[in-house]
Undergrad: 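Handing you a structure now.
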Number of protein chains: 2
Amino acid sequence: MTGIRKKPRQQRSRATWDAILEAAAQLFGERGYTGTTTNKVAERAGVSIGSLYQYFPNKEALLLALSERHMEESGATLSAVFQQLEQERPDLETTLTSLIEATVALHRHNPAMHRLLFEQTPRSAALMSRFRRLETLMATAVAGQLTRLGVGGPHPEARALLLVQGVEAQVHGAVLAPPEGLSSETLVEEIKALWLTALRSGHPR
Amino acid sequence: MTGIRKKPRQQRSRATWDAILEAAAQLFGERGYTGTTTNKVAERAGVSIGSLYQYFPNKEALLLALSERHMEESGATLSAVFQQLEQERPDLETTLTSLIEATVALHRHNPAMHRLLFEQTPRSAALMSRFRRLETLMATAVAGQLTRLGVGGPHPEARALLLVQGVEAQVHGAVLAPPEGLSSETLVEEIKALWLTALRSGHPR
DNA sequence: CTGAAATGTGAGATTTACTCGTGTTTGCGT
DNA sequence: ACGCAAACACGAGTAAATCTCACATTTCAG
């Protein structure tokens, strides 16, 4: 269930593989998932429909491959942030700001892809499971930070998970659908303030 | 774009309309959205495929109608909660508990429908806009409560929106996908504690 | 009773995901 | 250079799903 039917062995096939994925990313972004046909993907990629199905067993596999790529990028970015946090060990406010700004950056980096994966797509079990894996990974790392800062409470894992889920939803809304009369910057500042208060209370300095 | 092609005028057509929607709810719940065909919906409803397309212009319209129904129910439930809050005017902790428990109840009431609308479905622009409308409505009501309790901060609307988005995401995760080793009850209690701290800090009694 | 509007029907037109038999290119041993 | 097997590419065709439309039936006002 890797979403890949055949790993390319020659360089030309690697090129068609890339072309197909790139075409899929473009068309999904332009027309949405259901609005895109596999034939159109093959056409824009400049390959035959048969070649597409040689590498991707079905339409959803294209989406899975794209999500894989996107989540690897996201994972790498976040890993870097956590690595820096573990080196510098800043206070709660700085730590929170780093995490939230990183989340904002992920949403602003490729809004089309984010919309595609989180809004316009039938979330299959496979996609959900990939997503939960990233979420769990992040929650674990966050729990480590909370514990270090002494704000983990009785259930650091639980608190970290709620932080990850909450911040993701709030930032998603703030960046991709800011409501009438509220700038996304204002909202992001409010998000930081809210979580800072929620976490530091009862644990000053 | 109402998702309804023709409003029924006679009672028999109302009956077929109901039968179609009920069949769609069942099959979508059993087989998922993409796993359900419009012909099967018509078959289970005991009507011809033509009748289905007389009332619903396409498959997605079935989903939209179901979401409409679900959101109306949710809206009614929440309205009742807010009405009670405005009468009894309880303190912050009780208010928060009411709101969060209401959200939990909504998720537990019909998990299949919730999963269908929020996970297994390609979220069209129409569906998203309906969802945002409910979210905005809720945020406005919550903002009123926060202001009454003196915890609105400089941007009560912003804070309320973040609360609605955050709690929805957290409760959704806690109820529909509690992680290994954490009961959803524990998580819900943690959600309450977290928001209570976030909101009451700096504004004791 | 009558005609017109509302409702119901289902064969089939159209679209789309996906297959498969066949042709072409590449790498490699000799 | 040559031949050959494996990898790669092709695209008409198949199966299955969505949706249409011309026609049949039911309802009801006058």
Side-chain angles (χ1 to χ4, degrees), chain A residues 1-28 30-66 120-122 124 126-127, chain B residues 1-24 27-28 30-66 120-122 124 126-127:
Chain A
M1 249 15 98
T2 119
I4 292 168
R5 175 165 280 184
K6 207 185 259 177
K7 285 275 183 193
R9 301 209 177 282
Q10 303 177 0
Q11 64 284 22
R12 71 171 162 153
S13 65
R14 176 82 204 179
T16 70
W17 195 85
D18 286 342
I20 292 168
L21 254 201
E22 179 55 28
Q26 286 179 20
L27 285 169
F28 286 167
E30 292 167 18
R31 314 282 232 218
Y33 179 73
T34 42
T36 300
T37 74
T38 51
N39 281 295
K40 291 267 185 187
V41 172
E43 186 186 351
R44 178 165 304 189
V47 302
S48 80
I49 181 65
S51 292
L52 188 153
Y53 280 96
Q54 182 156 23
Y55 297 104
F56 303 91
N58 50 49
K59 188 179 175 182
E60 194 199 318
L62 291 169
L63 200 65
L64 277 180
L66 285 176
Q120 302 167 352
T121 275
S124 66
L127 221 174
Chain B
M1 247 20 92
T2 118
I4 292 169
R5 176 165 279 184
K6 207 185 256 178
K7 285 275 188 196
R9 302 210 175 279
Q10 302 177 2
Q11 65 282 22
R12 71 171 163 154
S13 66
R14 178 82 204 180
T16 72
W17 195 85
D18 286 343
I20 293 168
L21 253 202
E22 181 54 29
L27 286 170
F28 285 167
E30 290 167 20
R31 315 284 230 217
Y33 178 72
T34 42
T36 299
T37 74
T38 50
N39 280 296
K40 291 267 184 186
V41 172
E43 186 187 351
R44 179 167 301 190
V47 302
S48 79
I49 183 64
S51 291
L52 189 154
Y53 280 96
Q54 181 155 25
Y55 296 105
F56 302 92
N58 49 49
K59 189 180 174 182
E60 195 199 316
L62 291 170
L63 200 65
L64 277 181
L66 285 176
Q120 301 168 354
T121 273
S124 66
L127 219 176

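Naming: A, B, ... by sequence-line order, numbering from 1 per chain.
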Undergrad: From the options C:dA11, D:dA9, C:dG8, select the nucleotide whose nearest atom is closest to the side chain of B:Ser48.
TA: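 Nearest to the side-chain atoms of B:Ser48, counting from C-beta on, is C:dG8.
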
Undergrad: Go along nucleotides 21-28 of chain D 5' to 3' and tag each nucleotide: B for a protein heavy atom under 4.0 Å from its base, S when only backbone or sugar atoms are that close, - otherwise.
TA: -----BSS

Undergrad: Give the rounded distance in Å between these two atoms: CZ of A:Phe56 and P of D:dA9.
TA: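 After rounding, the gap between these two atoms is 12 Å.
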
Undergrad: In this structure, how many angstroms lie between the P atom of D:dA17 and the CG atom of B:Leu27, rounded?
TA: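 Those two atoms, CG and P, are 13 Å apart.
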
Undergrad: Side chains of A:Leu21 and A:Tyr55: does their closest heavy-atom pair fall under 4.5 Å?
TA: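 Side-chain contact under 4.5 Å: no.
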
Undergrad: How close do A:Tyr53 and A:Asn58 get, heavy atom to heavy atom, and via which atoms?
TA: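 Taking every non-hydrogen atom into account, CE2-CA, 3.9 Å.
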
Undergrad: Hey, can you pull the residues of residues 30-45 of chain A with a non-hydrogen atom under 4.0 angstrom from DNA chain D?
TA: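 When residues 30-45 of chain A is checked for heavy atoms under 4.0 Å from DNA chain D, there are no hits whatsoever.
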
Undergrad: Holding to side-chain contact (heavy atoms from CB on, under 4.5 Å), I want the full list of residues that pass it with B:Asn39, two or more places apart in sequence or in another chain.
TA: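 side-chain contact (heavy atoms from CB on, under 4.5 Å) list for B:Asn39, sorted by chain: B:Thr37, B:Ile49.
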
Undergrad: Quick one: which of D:dA9, D:dA12, C:dT9 gets closest to the side chain of A:Ser13?
TA: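 Of the options given, the side chain of A:Ser13 lies nearest D:dA9.
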
Undergrad: Only pairs at least two apart or in different chains count here, so list each salt bridge (Lys or Arg N to Asp or Glu O under 4.0 Å) that has a residue in residues 44-61 of chain B.
TA: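 The answer is B:Glu30-B:Arg44.
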
Undergrad: Write down the distance between OH (A:Tyr55) and C1' (D:dC10), rounded to a whole number of angstrom.
TA: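 For the pair A:Tyr55 OH and D:dC10 C1', the rounded distance is 12 Å.
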
Undergrad: Residues two or more places apart in sequence or in another chain: which of them pass salt bridge (Lys or Arg N to Asp or Glu O under 4.0 Å) with A:Glu43?
TA: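 Testing A:Glu43 for salt bridge (Lys or Arg N to Asp or Glu O under 4.0 Å), a comparison that skips the adjacent residues, returns none.
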
Undergrad: What residues form a side-chain contact (heavy atoms from CB on, under 4.5 Å) with A:Ala19, not counting sequence neighbours?
TA: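 Partners of A:Ala19 by the side-chain contact (heavy atoms from CB on, under 4.5 Å) criterion, ordered by chain and then number, come out as A:Ala45.
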
Undergrad: Check the distance between C:dG23's P and A:Gln54's CD and give it to me in whole angstrom.
TA: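 Spelled out: CD on A:Gln54 to P on C:dG23 is 17 Å.
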
Undergrad: Without decimals, in angstroms, what is the distance between A:Asn58 CG and D:dA16 C1'?
TA: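 Interatomic distance, CG of A:Asn58 to C1' of D:dA16: 15 Å.
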
Undergrad: Please give, in whole Å, the distance from C:dA17 P to A:Leu63 CG?
TA: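 Between P of C:dA17 and CG of A:Leu63: 13 Å.
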
Undergrad: With side chains defined as the heavy atoms from C-beta onward, is the minimum distance between B:Phe56 and B:Thr38 less than 4.5 Å?
TA: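 Result no, sub-4.5 Å side-chain heavy-atom pair not found.
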
Undergrad: How far apart are the closest heavy atoms of B:Leu63 and B:Thr121, and which atoms are they?
TA: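 Where B:Leu63 meets B:Thr121 most closely, the heavy atoms are CD2-CG2, 3.2 Å.
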
Undergrad: Heavy atoms from C-beta onward define the side chain here; which of D:dA9, C:dT9, D:dC19 lies closest to that of A:Ser51?
TA: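 Among D:dA9, C:dT9, D:dC19, the one nearest the side chain of A:Ser51 is D:dA9.
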
Undergrad: What's the CZ-C1' distance between A:Arg14 and D:dA9, to the nearest Å?
TA: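 After rounding, the gap between these two atoms is 18 Å.
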
Undergrad: Please pick, from C:dG8, D:dG11, D:dC19, the nucleotide with the shortest atom-to-atom distance to any side-chain atom of A:Ile49.
TA: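 Looking only at heavy atoms from C-beta outward on A:Ile49, the closest nucleotide is D:dG11.
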
Undergrad: Taking the side chain of A:Lys59 as its heavy atoms from C-beta onward, which of C:dT9, D:dA9, C:dA17 lies nearest to it?
TA: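 Closest of the options to the side chain of A:Lys59: C:dA17.
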
Undergrad: Taking all non-hydrogen atoms of both residues, which atom of A:Val47 and which atom of A:Ile20 are closest, and how far apart?
TA: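 Answer, listing the atom of A:Val47 first, then A:Ile20: CG2-CG1, 3.9 Å.
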
